[in-house]
Each structure stands twice: as structure tokens, then as C-alpha cells.
Amino acid sequence: MKIFLDTANLKEIKEAATLGVIDGITTNPSLLARESGDPEEILVEICRTVDGPISGEVVATEAEGMIAEGRHLASLHENIVVKIPCITEGLKATKVLAGEGKRVNMTLVFSPTQALLAAKAGARYCSPFVGRLDDIATPGMELIADIIQIFDHYDYDCEVLAASLRHPLHVVEAAKMGADIGTMPASVFNALMKHPLTDIGLKRFLEDWEKAKAELAAKATR
Ligand code: G3P
């Protein structure tokens, strides 16, 4: 599974990128609004930091405006993927932009039928939101499973991008289901490598090693 960071924070992105396992970045208007600075400049800087798909979202809600914004976003950097909300106007815009060879990430997907239509319109990625469904007592992971099952029957060139992943178990479940991509905040990403037994085990290895070295040194001086 490809791992994307869901953030527009350059510090977080630069830190995580040093690990060499970040495949792309997703942003949205809320995430960009949290940062100070020009959103387009931030997007371009993200593209320079991570050489993978970088989603930048349109804010227009009519197809015409979405298409114009999408063209502009795509012109900023070759890594930019145009993120478009999964509404009727968004579907029209996706069809046009995909026809021009631009990569579209259909976002705010909450049902299998929305995902099916996104794929048919030519979206390169579709982003079902797991955590936000869990928030309303609807099992978010079941949506991921449904979409994967549907896409498995056909040849759509549309990757399942599991979004709104809120904790490591969401990541595990998405990977077990075969989601193409999981996008997560830096806090979730940072938790993926942590295990207390690894820390305890490493501490013990190093202590044993130091003890053995000290014993060898003591023997040598006898
Ligand atoms: O990628 C979608 C993500 O930003 C939504 O996450 O936690 O706000 O539901 P969340």
C-alpha cells in the first residue's frame, strides 16, 4: 500500500520525507487554511519535497469553475493532482479534466455508488473517508471493502485512496483489504513505527553488549 501524508504542513512533510517511505501528499482547503503563507506556494514547495502525487483541491462548486481551477492547479507543477469533491458538478469537471490527461482525485466519497461514478468519469484516485463515517456510527472500513470489491471486477484506472484514517488500526485494515493508498496525518504515520517491545528489546541488546564488552576488557587486564 502506498502511504500518503494528509497535511499541508511543510515541517511535518519534510521530516517524514527523510524516512523515504512517503509516496505522496493529500491536502484540502481546511489543511491549507491552517498554514501561514500563500497556498499555491505551499503546494509547489510540497511538490519539490515529495516526488509523488500531491493533491490540491478546487474550491469552486460549479463545473466550469472547477475546470478552470483544476487547469490552473495542474499547471503549477507536474506532481499536482486535482482534487475535486464528489458532487454532480464535480463529476462533469472530472470527465473534462481527465479527458485532457489531468489526474483527478475525487474526494468526499461516502458511498460505493459515488466511487463507481468517479471511476467511470475517469478519476485517477477516489478518496473514501473512513473516519468521518465512523463518526456517525457507520463502519467506514466497510466502504473501503465495498469499493475494492466493485473495482476488482473492472478495469477502471482508479486507485482506492483510503482517507480520513485516524489511527494505526485503520491503516492496518486498509492494507489488509488491499487499498491502493492510505493517507493519514503525521501523528498517525509517526505511530506506525512505534512498539514498546522494540524499545525494550533494543535497550536489552545494548546493555548485554556493553556488559559483555566490559567483561572482556576486565579479563584482558587480569
Ligand atoms: O483526506 C481527508 C482528510 O483530510 C479528512 O480527515 O480526519 O478530517 O476526517 P478527517
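Basis for what follows: all heavy atoms, side chains included, without hydrogens, waters or symmetry-related copies. Numbering of residues begins at 1 and proceeds along the displayed sequence. Counting starts at 1 for both ligands and their atoms, in listed order.
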At what distance is the nearest protein heavy atom to atom 8 (O) of ligand 1, and which residue and atom is it?
-> Arg132 NH2, 2.8 Å
Taken in chain and number order and not counting sequence neighbours, the residues that satisfy ring-ring contact (aromatic ring centres under 6.0 Å, His included) with Phe151 are Tyr156
Lys/Arg N to Asp/Glu carboxylate O, Glu78 vs Arg103, below 4.0 Å | no
Mark yes or no for whether Glu57, through its side chain, and Ile84, through its backbone, hold a donor-acceptor pair below 3.5 Å.
-> no
Backbone or side chain, does any N or O of Lys83 fall under 3.5 Å from an N or O of ligand 1?
-> no
Counting from 1 in the order shown, the ligand 1 atoms closer than 4.0 Å to a non-hydrogen atom of Asn28 are 4 (O)
Under 4.0 Å to a heavy atom of Ala163 - the qualifying atoms of ligand 1, by number = 1 (O), 2 (C)
Proximal ligand 1 atoms for Phe129, defined as those under 4.0 Å from one of its heavy atoms = 2 (C), 5 (C)
Provide the number and element of each atom of ligand 1 under 4.0 Å from a heavy atom of Asp6.
-> 1 (O), 2 (C), 3 (C), 4 (O)
Backbone N or O of Lys2 within a donor-acceptor pair of the Asp23 side chain at under 3.5 Å?
-> no
Who else is in the cluster with Phe4 when I, L, V, M, F, W and Y are joined by side-chain contacts under 4.5 Å?
-> Val81, Tyr125, Leu161, Ile181
Going by the atom numbers of ligand 1, which of them fall below 4.0 Å from some non-hydrogen atom of Arg166?
-> 7 (O), 9 (O), 10 (P)
Among Thr107, Asn105, Thr183, the one residue meeting side-chain hydrogen bond (donor to acceptor under 3.5 Å, both in side chains) with Ser55 = Asn105
